[in-house]
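Structure, as structure tokens:
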Amino acid sequence: MFLLVQRFGELMRKLWNPRNFKAHVSPHEMLQAVVLCSKKKFQITKQGDGVEFLSWFLNALNSALGGTKKKKTIVTEVFQGSMRIFTKKLPHPDLPAEEKEQLLHNEEYQETMLEAPFMYLTLDLPTAPLYKDEKEQLIIPQVPLFSILAKFNGLTEKEYKTYKENFLKRFQLTQLPPYLIFCIKRFTKNNFFVEKNPTIVNFPITNVDLREYLAEEFQNVHKNTTYDLVANIVHDGKPNEGSYRIHVLHHGTGKWYELQDLQVTDILPQMITLSEAYIQIWKRRDDEEKNQQGA
């Protein structure tokens with residue numbers, strides 16, 4: 001696994017080398033290390049899933065750098081936050097009401113709380129409606145970012161089903177990292193096929209304050225809770241095919257660029273919000289940036 005760290009480090013140093021002779025850098029050695037270290041789960045010739053790759057890559061880098069529950073690495077310092085997960089077991093829906101009522105008093109059905117780290121937050125989209133407009137075009141629904149962030153307000157309960165049991169869960173954040181990753185759950189897999197939810201998420205590009213999603217006793221510990229978008233990864237097309245595009249902020253100029261394979265074009269910030277965002281990276285503002293914004 002350390003080969004992955006070496007190759008990634010080399011690629012970063014080449015990218016950021018001010019004395020770089022060429023204006024381009026080949027990621028080939030890094031990609032070969034990905035194929036090798038993932039035991040061919042991710043391949044150069046075959047498109048993989050962005051969220052699956054991101055999750056594997058961050059965890060692989062962290063463990064190769066010696067990261068454990070107690071030992072932090074550059075990966076966890078940058079991306080890892082923590083949350084409380086409240087879980088309550090539900091009685092089987094087919095049971096009589098009286099029996100359900102009795103079971104709810106058992107210890108097994110009491111709410112439990114677990115503190116857990118996260119590298120990214122998964123945001124669930126509402127089910128896309130299937131109705132069409134008068135021109136027989138499918139209407140693409142839209143949802144505000146803050147509606148899907150409500151999952152983490154400590155109050156919103158969601159039912160989770162396993163093969164045998166049903167649970168109610170709610171989530172509340174306790175620590176926000178310097179860089180926060182959102183993964184918008186667009187794909188649902190069942191036994192036969194993968195479905196894609198085309199819902200557009202309406203989000204501001206700057207000034208997203210996440211203080212209200214922190215448990216109250218942790219709000220004072222966090223000086224800054226405001227984030228600005230720095231990267232937006234989009235999936236276009238069908239679930240098993242399709243293509244990826246990336247919108248990335250160039251900090252030096254404050255301009256946004258769209259990258260697709262070797263094509264790089266500039267893009268207006270307001271166009272970014274019209275895309276089927278799949279993965280987003282947000283950067284927490286520090287005091288200096290806050291002062292600049294205020295000025």
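Each residue takes its place number in the sequence, starting with 1. Note that these values count all heavy atoms, side chains included, but never hydrogens, waters or copies made by symmetry.
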Q. Listed by chain and number, what are the side-chain hydrogen bond (donor to acceptor under 3.5 Å, both in side chains) partners of Asn202, not counting sequence neighbours?
A. Gln142

Q | Charged N-O contact under 4.0 Å between Glu276 and Lys196 | A | yes

Q) Under the 3.5 angstrom rule, does the side chain of Asp266 hit a backbone N or O of Tyr257 as a donor-acceptor pair? A) no

Q: Would you indicate whether the side-chain heavy atoms of Tyr227 and Asp209 approach each other to under 4.5 Å?
A: no

Q. Going through the distances and angles, do Lys69 and Glu115 end up as a salt bridge (Lys or Arg N to Asp or Glu O under 4.0 Å)?
A. CA-CA 12 Å; Lys69 280 185 181 178; Glu115 184 98 19; over 6 Å; no

Q) Considering residues at least two apart in sequence or located in another chain, which fulfil the salt bridge (Lys or Arg N to Asp or Glu O under 4.0 Å) criterion with Glu157? A) Lys88

Q. When you measure from the side chain of Arg170 to the backbone N and O of Phe152, does any donor-acceptor pair fall under 3.5 Å?
A. no

**Q.** Distance under 6.0 Å and angle within 45° of ring axis: Lys40 vs Phe42
**A.** no

Q) So does Glu159 pair up with Lys89, basic N to acidic O under 4.0 Å? A) no

**Q.** Polar contact flag, side-chain donor to acceptor under 3.5 angstrom, Glu258-Trp256
**A.** no

Q) Can we say Glu10 and Arg7 salt-bridge, meaning some charged N sits less than 4.0 Å from an Asp/Glu carboxylate O? A) yes

**Q.** Partner set under salt bridge (Lys or Arg N to Asp or Glu O under 4.0 Å) for Glu212, not counting sequence neighbours
**A.** none

